[in-house]
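In what follows, chains carry the letters A, B, and so on, assigned in the order in which the sequence lines appear, proteins first and then strands, with residues in each chain numbered from 1. Just so you know, these numbers come straight off a predicted model, no measurement behind them.
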2 protein chains.
Amino acid sequence: MAIDGTARRADARRNVESILEAATALLATDPAVSVNEIARAAGVGRVTLYGHFPSRAALVEAVSRRVIASTDQALTAVDLDGDARDAMARLLAATWQLTYRFGAIVVAASDALTPEEMRRVHEEPARRMRALVARGRDEGVFRRDMPLSWQLTTVQAVLHGASAAVHRGDVPAEDATRLVRDTVLAALAVTSSG
Amino acid sequence: MAIDGTARRADARRNVESILEAATALLATDPAVSVNEIARAAGVGRVTLYGHFPSRAALVEAVSRRVIASTDQALTAVDLDGDARDAMARLLAATWQLTYRFGAIVVAASDALTPEEMRRVHEEPARRMRALVARGRDEGVFRRDMPLSWQLTTVQAVLHGASAAVHRGDVPAEDATRLVRDTVLAALAVTSSG
DNA sequence: TGCTTCTCGAACAACGGTGTACGCCTTTCA
DNA sequence: TGAAAGGCGTACACCGTTGTTCGAGAAGCA
C-alpha cells in the first residue's frame with residue numbers, strides 16, 4: 001500500500017504510472033472523459049484503477065498535482081531578471097508550452113477539485129506572472145491605465161486562445177510562441193498615444 | 001400544433017416563450033444545465049417542455065437560432081465605415097455585449113448541434129470581423145506581421161476572457177467595454193518598433 | 001516453490017439524466 | 001357553456017457513469 005510504509009509491488013507501480021499518463025493525455029483534450037476510457041487507455045481494468053485511486057476526483061487531483069509540479073519546475077527555471085519585456089518573453093515561452101500541453105486539465109480540475117484547492121493550484125504560477133507585470137508597470141514599460149488583474153486575464157486569454165487555435169489546426173505549433181509573445185507584449189506595452 | 005398551420009393556443013405560445021427565455025438565461029452560464037432546471041425556471045412542467053420541443057437538442061438549437069438572429073441584427077447595425085480603428089471599437093462594443101450575454105450558449109450548442117450547423121452559425125459574424133481586420137491591414141493601421149487568422153483568434157480570446165472575468169467578478173461590467181477595446185486595439189496596432 | 005500482492009471481469013447498487021405513457025385537471029376560445 | 005387544446009404530476013424504461021463486492025487467477029518476490 002502507498003498509505004503506510006509498505007513497498008508496492010512493481011506491477012502496481014507500473015500501473016499507477018500508466019494510469020496517470022493516460023489520464024493526463026486524455027484530460028488534456030477532454031475534461032469530461034470517463035474513468036472507463038482512462039482505464040482502457042492505460043491498459044488496465046477499471047476496478048484496478050479504483051484500487052489505486054479511491055475516486056475519479058482523486059485521480060484528477062493526482063494528475064493536477066503532477067502537472068502543477070512539472071509546471072512549477074519549468075517556470076521557476078525561467079530567469080525573470082533584466083528588462084521586463086525580455087523576461088516576459090521568456091516566461092511566456094515557458095508558460096505557452098505548459099498551456100498547450102496541459103491546458104484542458106485545468107478545466108477538468110475545476111469540476112473535480114474544491115475551489116480552495118483550485119485557488120492554491122493557481123496561486124504560485126499566477127504570483128510569478130503578477131510580480132513580473134507589476135515590475136514592468138513600475139518601470140514604465142507596461143501600461144498602467146488598466147488594472148493589473150485585467151492584464152493577467154488578457155495574458156491567460158491569449159495563451160488559451162493560442163492553445164485552442166493550434167489544437168484546431170488554425171496556427172502551426174512552431175509559430176505559436178512568437179505570436180503569443182508579440183501579441184501579449186503589444187497589449188501590455190505603453191503606447192505613444194497613451 | 002406548430003408543424004401544421006393550426007394556430008396554437010395563447011398559453012402554449014406564452015409557455016414556449018418562457019421556455020426559450022429561461023433556456024437562454026441558464027445556458028448562458030451553464031451549458032450543461034438539465035431540462036428539468038430549464039422547465040422549473042420557466043415555471044413549466046418538464047413534460048410540457050417536451051410537448052413543445054421533442055428533445056433537449058432541439059431546444060438548444062432553437063435557443064441558438066434565436067441568439068444568432070438577434071446577434072446578426074445587432075452586428076449588421078454597426079457602422080463599419082471610416083477609420084478602421086474607430087470601426088473596430090464600435091464592432092467590439094457590440095460584439096462584447098453579445099459575448100457577455102450569450103457566450104456559453106455556443107458551448108452548449110457545440111454539444112447539441114452538428115459541426116456543419118456550428119460552422120454556419122459562426123460564419124457571418126466572423127466574416128464581418130475578418131473583413132474589418134483585413135481592411136485595417138490594407139490601410140496600414142493594423143499590423144501585418146501576424147496571420148489574419150491569428151488576429152481573429154486574439155480578438156475572440158480577449159472577448160471570452162473578458163466575459164469570464166466579469167462573470168467571475170474580477171472586472172466590473174462597466175469597465176469591460178473600454179478594456180476590451182484598448183487591449184484589442186493595442187494588440188492589432190502597428191508598432192513604432194516594428 | 002510457495003506466499004503475498006495485485007489484476008481482472010462480472011455483477012450489482014445508486015444516481016442523474018433523457019424521453020415516453022397515462023390520467024386528471026385547467027385554460028382557451030368559439 | 002361546452003368541446004378541444006393544453007398543462008401537470010406521476011410513473012416508468014433506458015442509458016451512462018461512479019463506486020463497490022466477490023472470487024478466480026496471474027504476477028511478483030523471497
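By the 6.0 Å contact criterion, CD on B/Glu174 is enclosed, its count of non-hydrogen atoms from other residues, nucleotides or ligands being greater than 12.
Of the residues in residues 50-61 of chain A, those with a non-hydrogen atom less than 4.0 angstrom from any atom of DNA chain D are A/Tyr50, A/Pro54, A/Ser55, A/Arg56. Of all the residues in residues 31-48 of chain A, A/Ser34, A/Val35, A/Arg46, A/Val47 reach under 4.0 Å from DNA chain D with at least one non-hydrogen atom.
Remark: A/Arg90 does not engage A/Asp86 in a salt bridge, criterion side-chain N to carboxylate O under 4.0 Å. In this structure, B/Glu123 does not pair ionically with B/Arg127, as no charged nitrogen and carboxylate oxygen lie closer than 4.0 Å. Classification of B/Glu17 and B/Arg66 as a salt-bridged pair holds, one side-chain N sitting under 4.0 Å from a carboxylate O.
Between B/Leu26 and B/Ile38, the shortest heavy-atom distance links the atoms CD1-CA, 3.8 Å. Between A/Thr99 and A/Leu159, the closest heavy-atom pair is CG2-O, 3.8 Å.
B/Gln151 and B/Arg137 form a side-chain donor-acceptor contact under 3.5 Å, judged by distance and modelled atom types alone. For the residue pair A/Ser163/A/Trp96, the side-chain donor-acceptor check at 3.5 Å is not satisfied.
Computed from coordinates, the B/Asn15 CG to D/dG7 C1' distance equals 8 Å when rounded to whole Å. Rounded to a whole Å, the CZ atom of B/Arg9 is 5 Å from the C1' atom of C/dT27. Between the CG atom of A/Asp11 and the C1' atom of C/dC6 there is a distance of 6 Å, given to the nearest Å. Atom C1' of nucleotide C/dT28 and atom CZ of B/Arg14 are separated by 9 Å, given to the nearest angstrom.
Taking the side chain of A/Arg13 as heavy atoms from C-beta on, and the options D/dG28, D/dG6, D/dC29, the nearest nucleotide is D/dC29.
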